[in-house]
There are 2 protein chains.
Amino acid sequence: MMSKLLVVDDDLDMLSLVRAALEKDGHQIDTEADAATVQPARCRLYDLLLFDVMMPDKDGFSLCRRIRAEVDCPILFLTAKAEEAALVQGFGLGADDYIKKPFSIAELRARVNAHLRREVRQPTRTLSRGGVRFDIQAKVAIAGEHTLPFTKGEYAICEHLALHAGQVFTKEQLYEAVFGCEAEGDPSAVAEHIKNIRAKLKADAISPIETVWGVGYKWRKSSVL
Amino acid sequence: MMSKLLVVDDDLDMLSLVRAALEKDGHQIDTEADAATVQPARCRLYDLLLFDVMMPDKDGFSLCRRIRAEVDCPILFLTAKAEEAALVQGFGLGADDYIKKPFSIAELRARVNAHLRREVRQPTRTLSRGGVRFDIQAKVAIAGEHTLPFTKGEYAICEHLALHAGQVFTKEQLYEAVFGCEAEGDPSAVAEHIKNIRAKLKADAISPIETVWGVGYKWRKSSVL
DNA sequence: TCGTTTCCTTATAAAATCCTTAAAAATAGC
DNA sequence: GCTATTTTTAAGGATTTTATAAGGAAACGA
């Protein structure tokens, strides 16, 4: 079972050390030394994220804060900061583990694999929301018997809304979440996509996307949690 | 979000310590001193399991081995065994975390909650005041069973008042707090919104907004915090 | 290269909200 | 009880935001 991991650390020695350790388990490792360049959209491509807390340009905490809302995969901190307060803060931001330096290679591998194992066991491969079933892997949405003829962008918006059902997104946020940081796209482009999505869902008599006047759009949250 | 946890440890002091710590987070804690009596079927009733590794009759590892196949919930080890080999063995048996004694209460709580959070999908942050429940993320107010049909401005005023229950705000302050610094808006505009809010709350027979004559409005502070 | 699909822009219509105005009701002080 | 001030209520228009439709640019595959 190969997983894709992203490791962010300004210490290049540490990067190569971690890379070597985790590649032993058959994972594909991408590394990044500059935290400031890491975008939420990129993080969504990975199965697990590993951040150093102390980095010169942008610390791991603020990076985590920035992406946690849009990224579901486990986020692990690597840190020399052993203080309890920092640890609690890290978990409070939605982190999944907090590995104190100096750590043993064996412990790192064991913890990373434990988190990956849990992800696989609990497959988010497919989720059903409001009458639409999403196959995250295949990037197709199914309603009733037939697959919805979504374009790529339509599917992306749809999936993002459904994944965060109940949360309101502005047009700008949606555009950025789906197409990346260059949010120059006119908000009305998003409106156009929403229209098309609704039209395609109308054939199945479902309309899970609500407009929140003056704010944006949201996927209707099902009553059952 | 209340979860059910089972803590197994032969040390009774440790049991009460852990129980006290985790009950602070609103969880329901069951404890068990005798590992030999813990059956897989029982473990299935819980959202998270916390085992001590070193126990006289039956150690936590063998307990984990016995139940892992039948239990999906996170299993955390509490242990004084700091050796790397034991840690790797624990993860190898399907454990999800490994907390080394002596641990801080804060770390225990942070780690337990991190695992629970991942199990239950995104607990919504919500506060309840005077019969109205606010979903801050979704920007939705709920009374009883149905969501209140607030407009954006109405919701904003409502949330601001409820968030600072008991504090009086002038119309100007409210307008500025909700719509920004350009508080040129006529005070009567706020009065209009207050009227509409009250009208919508009237259907549920609640009126938490009080008029402070000559000053402004405030959200009635409930006796119980 | 051509044709198709997807995406973005523009323009217009429609809808909802917000603000203003004015009159009625309530309050506090005398 | 009377008056001045403040709040409540009601209705209308102005403004803002969204929905819809149509056209053109850009990307993609054959």
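Remember, it's a predicted structure, so these values are computed and weren't measured experimentally. All chains are named by letter (A, B, ...) in the order of the sequence lines, taking the proteins before the strands, and each is independently numbered beginning at 1.
Between A/Val18 and A/Ile29, the closest side-chain pair of non-hydrogen atoms is not below 4.5 Å.
For C/dC8, the OP1/OP2 oxygens have a side-chain nitrogen or oxygen of A/Tyr175 closer than 4.0 Å. Contact annotation: A/Thr151 does not reach the phosphate of C/dT5 (side-chain N/O to OP1 or OP2, under 4.0 Å). Taking 4.0 angstrom as the limit, A/His193 places a side-chain polar atom (N or O) nearer than this to OP1 or OP2 of C/dC8.
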Under 4.0 Å protein heavy-atom contacts per nucleotide of nucleotides 19-30 of chain D, with B for base, S for backbone only and - for none: SBBB--------
Side chain to side chain contact (heavy atoms under 4.5 Å, CB included) between A/Met14 and A/Asp52, intermediate numbers included: CA-CA 10 Å; A/Met14 181 62 69; A/Asp52 187 25; over 6 Å; no
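In this entry the distance linking CD1 of A/Ile157 with P of C/dT6 reads 14 Å, nearest Å. Nucleotide C/dA14 holds its P atom 17 Å from the CH2 atom of A/Trp213, rounded to whole Å. As rounded to whole Å, 15 Å separates atom C1' of D/dT18 from atom CG of A/Leu174. In this structure, the NZ atom of B/Lys152 is 17 Å from the C1' atom of C/dA15, given to the nearest Å.
Taking the six-membered ring where the residue is Trp, A/Phe169 and A/His164 present perpendicular rings, their angle passing 60° and hence far from 30°.
Ring centroid separation for the pair A/Phe91 and A/Phe77 does not come in under the 6.0 Å cut-off.
Shown here is A/Lys4, whose NZ atom has more than 12 heavy atoms of other residues, nucleotides or ligands within 6.0 Å.
The pair A/Lys100-B/Glu107 meets the salt-bridge criterion, since a charged nitrogen lies less than 4.0 angstrom from a carboxylate oxygen.
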